[in-house]
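Remember, it's 1-based here, ligands and their atoms both numbered in the order they're listed. Note that the numbering runs from 1 along the sequence shown for the chain.
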Amino acid sequence: MAKRATSFVCQVCGAVHARWQGRCDSCGSWNSISQEETVTGSVPSSQRAGRKGRLIALEALSGSSPDAPRTRFGIEELDRVAGGGLVAGSVLLIGGDPGIGKSTLLIQASAALADAGHRVIYVSGEEAVAQVRLRAERLGLSGSSVELAAETNVEDIVATLAEGRTPALVVIDSIQTMWTDSAESAPGTVTQVRSSAQILIRYAKRAGAAVILVGHVTKDGQIAGPRVVEHMVDAVLSFEGDGAHQFRILRAQKNRFGPTDEIGVFEMTGLGLREVANPSELFLSQGDRGAPGTAVYAGMEGTRPVLVEIQALVVPTSLGTPRRAVVGWDPSRLSMVLAVLEARCGIKLGGHDVHLNVAGGFRITEPAADLAVAAALVSSLSGAALPVDTVHFGEISLTGAVRAVSHSPLRMKEAAKLGFTRAVAPEAKSTGGKSSPRDPAESALALESVASLGDLVAGIAARSPRRAQRPAQAAQEG
Ligand code: TYD
Ligand code: MG
């Protein structure tokens, strides 16, 4: 017999507690537990009956399986992040702050698929049909054959989807607004979100339609409520950016059908999201270069090189404890670079505030940015501007050595394409013995190899204006 019970469910992680408490033991979030009514079923009758299991055919790991067929959106930035297009029967979760442009992206993606002759259904649980229409009109998409609905009940939605031709794509905007008759708790609770997602996922697998779920994100960047949903879906994408900047980045956090290190770059314009095919141009500002404390970093995002500007400001501190402020990079990585600068090069920053900023609001995750950060820090401290035609990349180890990083040729090629002429980087690893001739585009860049952080500091110090001011040394150099 199924019986009703009251349980206390954490709205962040879905953990169930016996009584109310201020802090969830499972995920550590405060004030996230609320009371929910659940129907606890007893053991299903099939299990109680002691049924003998059906035999499953076991298969070898080797063997041929056809590649999952993919439907491309025709929006290159989106296709790349999705791993080359939508896989039939797969479920994607797209998370992002409110107002970042999730609905805009998805209506544009829906229209692109519909224009290619696929059936696309867009279910909005947040906006009325008229609002969605208005947005489509503004984007110039009102001629598209996307089918719209404003609905929040999952059973009604699945019943509607079962009618007619199987859609290639179903967009559910958003999963937090959905509710199902099968769960007793109030709409918006974890139990409802989880049950609704389960029903939609089951539909996707059964019908072979791709489903995209939109999820809201809390202040600390978690997809609110349905953390549990992240485990159930095939791919989790996050749509990032901030209100102060025009561009948005779509990043794969988990993908069963593709790589997770790819990004898609878009720009929010008055006419919706525009693809940015060459993000480097977006992140490099001409104005700041040539000022002390600015270094250009040749980075990689997935298979794509991206050049970004790293800005450092080192100023004497006015407080007892120096400030370390970082935007767009890992603060613990900055502490490490500062420690290595002090221990291996004798550069003491204990009496200085350090501010580090990745220009344009970009977020760097690669350790290969260490060298560019160190260059920006030393440049700001010494007042020596770095040459404007130079890019930096390389990982710094605790011993002060500079380690080679992956994809050096690609990074250099991109830098050469954008008009840079010099790269300060470690000597690239030899690739498996056979010495291939360097690509002409890549060799347009002069490689100034640095083996240790000391080499980098010496190189920058040689350009320092403070040094040139001393007449004796100026004479020596001259
Ligand atoms: P929206 O897609 O509704 O965000 P989300 O679904 O993630 O909450 O985007 C809303 C924001 O985007 C809004 O602040 C206005 C802006 N916007 C544009 O700048 N240009 C456009 O063409 C559109 C449709 C929206
Ligand atoms: Mg929206």
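Donor-acceptor pairing under 3.5 Å is recorded for the side chains of Thr180 and Glu155. Looking at Thr191 and Thr189, their side chains never bring a donor and an acceptor atom within 3.5 Å of each other.
For the salt bridge (Lys or Arg N to Asp or Glu O under 4.0 Å) condition, the pairs that include at least one residue of residues 111-136, sequence neighbours left out, are Arg119-Glu147, Glu127-Arg135. Within the structure, the salt bridge (Lys or Arg N to Asp or Glu O under 4.0 Å) test picks out the following pairs touching residues 356-366 (sequence neighbours left out): Glu240-Arg363, Glu366-Arg411.
Salt-bridge formation is not detected for the pair Arg323/Asp353: no Lys NZ or Arg NE/NH1/NH2 atom is positioned less than 4.0 Å from an Asp or Glu carboxylate oxygen. Glu301 and Arg304 are not joined by a salt bridge, as no carboxylate oxygen comes within less than 4.0 angstrom of a charged side-chain nitrogen. Between Lys205 and Asp234, at least one side-chain N (NZ, or NE/NH1/NH2) sits under 4.0 Å from a carboxylate O, which counts as a salt bridge.
Looking at heavy atoms from C-beta onward, Ser90 lies out of side-chain contact with Arg256 at the 4.5 angstrom threshold.
Protein residues with a heavy atom under 4.0 Å from ligand 1 are Asp97, Pro98, Gly99, Ile100, Gly101, Lys102, Ser103, Thr104, Arg135, Arg138, Leu139, Met268, Thr269, Gly270, Leu271, Gly272.
Arg70 places a side-chain N or O within donor-acceptor distance of the main-chain N or O of Gly83, the cut-off being under 3.5 Å.
Nearby protein atoms of type N, O or S around the Mg ion (ligand 2) amount to 1 (distance under 2.8 Å).
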